[in-house]
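Below: the structure, in structure tokens.
Just follow the structure's listing: the first ligand is 1, and inside any ligand the first atom is 1.
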Amino acid sequence: MLDLNKLCEDKQTIAISSHIRPDGDAFGSSLGLYAYLKKKYPDKKIDVFMVDPNPLFSFLPGYDDIKTSPSEEAYDLFIALDFGDKERLGNNKVLIDNAKDVACVDHHLEYKGIAPEANSYVLPDASSTAELVYDLVGKDNIDDDSAICIYTGIVCDTGVFQYSNTSQKTMETAGYLMTFNFDHSKVVAEAFYEKTYRQTLLLGRSLLESILLMDGKVIVSVITQRTLKFYNASSKDLEGIVSQMKHTKGVDVAIFMHETVTGEFKVSLRSNENINVAVIAAKLGGGGHERAAGLTMSGSSYDVINNVTAEIEKQYNEAEEESG
Ligand code: 5GP
Ligand code: MN
């Protein structure tokens, strides 16, 4: 395993960043690591960057320190959290390009070798990058600040310990984190379940307008720019919709997409054990995990549906061939 202290000891300036459209794990892993490094190395310059942070996570310690515009500074070390492809850094790509050394902590499948192997801690089976940060920081070094951050990351990426990425170790880690001074049920309520009224309306609308395809095995819903404008909403208001769609009985794959700019869609995919959406997303230029992946595609919503369902069909056919 990567030795965090060996890595950081001789560095004077350290930048941390996660991916664009940061989710709970992006915040949890970045701010959890930030809390640890700030305390361990009070004399070093440690900065955390994020593109367009979601105020939903403003309850996390360190949130107010997040730098939202990119820096040209050549940091001694850049630590990439929760992504393995530098294109996912958005405007913060300059940080990795200018850094003198790079490390990466991640649990995605499409790892593109953005850091030397000795500086990488990449385990696709881990529930979350936050859980990996916990390993690196070490049980004995966890404090109240890092505990709430890491707990939040785990809760968000496991769907409150529901998804198949939840392991015995995940539960044991979370159990230990609960012994620190923070309100764990409030974290679950606020970081995972709570929605603004606008978000509730968009969820309702997405469900109401969803359609079933492929004999009810696939559910699809689309939110256009027009609808987003009508509700004065942004992509941050669409979190959690695809998971709710996936709860539909008989559904193997949920496809939720929203129009980012005219003719471009951000697509979220969720599946069960019958379909591997990481493969589909990767084929179409995105990435993610076996049962939760995403991509961005140009064209109409019908193009997206045709492309994704064709890949789903392929997987059903392959499975059928294998079972004879
Ligand atoms: P979501 O659907 O919640 O945006 O993302 C689900 C998972 O897929 C997350 O782990 C996320 O990091 C990954 N993902 C989503 N969109 C993209 C994308 O455009 N490219 C890559 N490489 N991964 C993505
Ligand atoms: Mn993650």
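- Between Arg205 and Glu209 there is a salt bridge, since a side-chain N of the basic residue sits under 4.0 Å from a carboxylate O of the acidic one.
- For His107, the nearest N, O or S atom to the Mn ion (ligand 2) falls under 2.8 Å.
- Neither side chain, Tyr302 nor Asn307, offers a donor N or O lying under 3.5 Å from an acceptor on the other.
- Of the protein's non-hydrogen atoms, Gly294 O, 3.5 Å is the one closest to atom 18 (C) of ligand 1.
- Between Asp252 and Lys217 there is no salt bridge, since no side-chain nitrogen of the basic residue lies less than 4.0 Å from a carboxylate oxygen of the acidic one.
- Nearest non-hydrogen protein atom to atom 6 (C) of ligand 1 is Arg270 NH1, 3.6 Å.
- One of the N, O or S atoms belonging to Asp82 lies under 2.8 Å away from the Mn ion (ligand 2).
- The closest side-chain donor-acceptor pair between Asp101 and Asn119 falls under 3.5 angstrom.
- Among the atoms of His108, some N or O lies under 3.5 angstrom from an N or O of ligand 1.
- Remark: minimum distance from atom 19 (O) of ligand 1 to any protein heavy atom is reached at Leu295 CA, 3.6 Å.
- Of all protein heavy atoms, the one closest to atom 7 (C) of ligand 1 is Ala292 O, 3.5 Å.
- Here the N, O or S atom of Asp157 that is nearest to the Mn ion (ligand 2) is OD2.
- Cation-pi geometry between Lys11 and Tyr75 is not met: the NZ or CZ atom fails to fall both under 6.0 Å from the ring centre and inside 45° of the normal.
- Among the heteroatoms counted here (N, O or S) of Asp25, OD2 is the one nearest to the Mn ion (ligand 2).
- With respect to Asp135 and Lys169, a salt bridge is recorded, a charged nitrogen being found less than 4.0 Å from a carboxylate O.
- Between Asp52 and Arg21 no salt bridge is recorded (no basic side-chain N to carboxylate O distance below 4.0 Å).
- Distances from atom 11 (C) of ligand 1 to the heavy atoms of Arg88, His19, His107 show the closest one on Arg88.
- Near Ser268, meaning under 4.0 Å from any of its heavy atoms, are these atoms of ligand 1: 1 (P), 2 (O), 4 (O).
- Here the heavy atom of the protein found nearest to atom 22 (N) of ligand 1 is Glu110 OE2, 3.0 Å.
- Judged purely by distance below 3.5 Å, without hydrogens or angles, the side chains of Glu172 and Gln168 pair a donor atom with an acceptor atom.
- Looking at Glu73 and Lys45, a side-chain N of the basic residue comes within less than 4.0 Å of a carboxylate O on the acidic one, giving a salt bridge.
- Using a 4.0 Å cut-off to heavy atoms of His289, the atoms of ligand 1 that qualify are 10 (O).
- On a distance-only criterion, Glu239 and ligand 1 share no N/O pair closer than 3.5 Å.
- A side chain to side chain contact (heavy atoms under 4.5 Å, CB included) with Leu203 is found for exactly one of Leu201, Thr200, Leu207, namely Leu207.
- The nearest heavy-atom contact from the protein to atom 24 (C) of ligand 1 is Gly287 O, 3.4 Å.
- Polar contact check, Lys266 against ligand 1: a nitrogen or oxygen pair lies under 3.5 Å apart.
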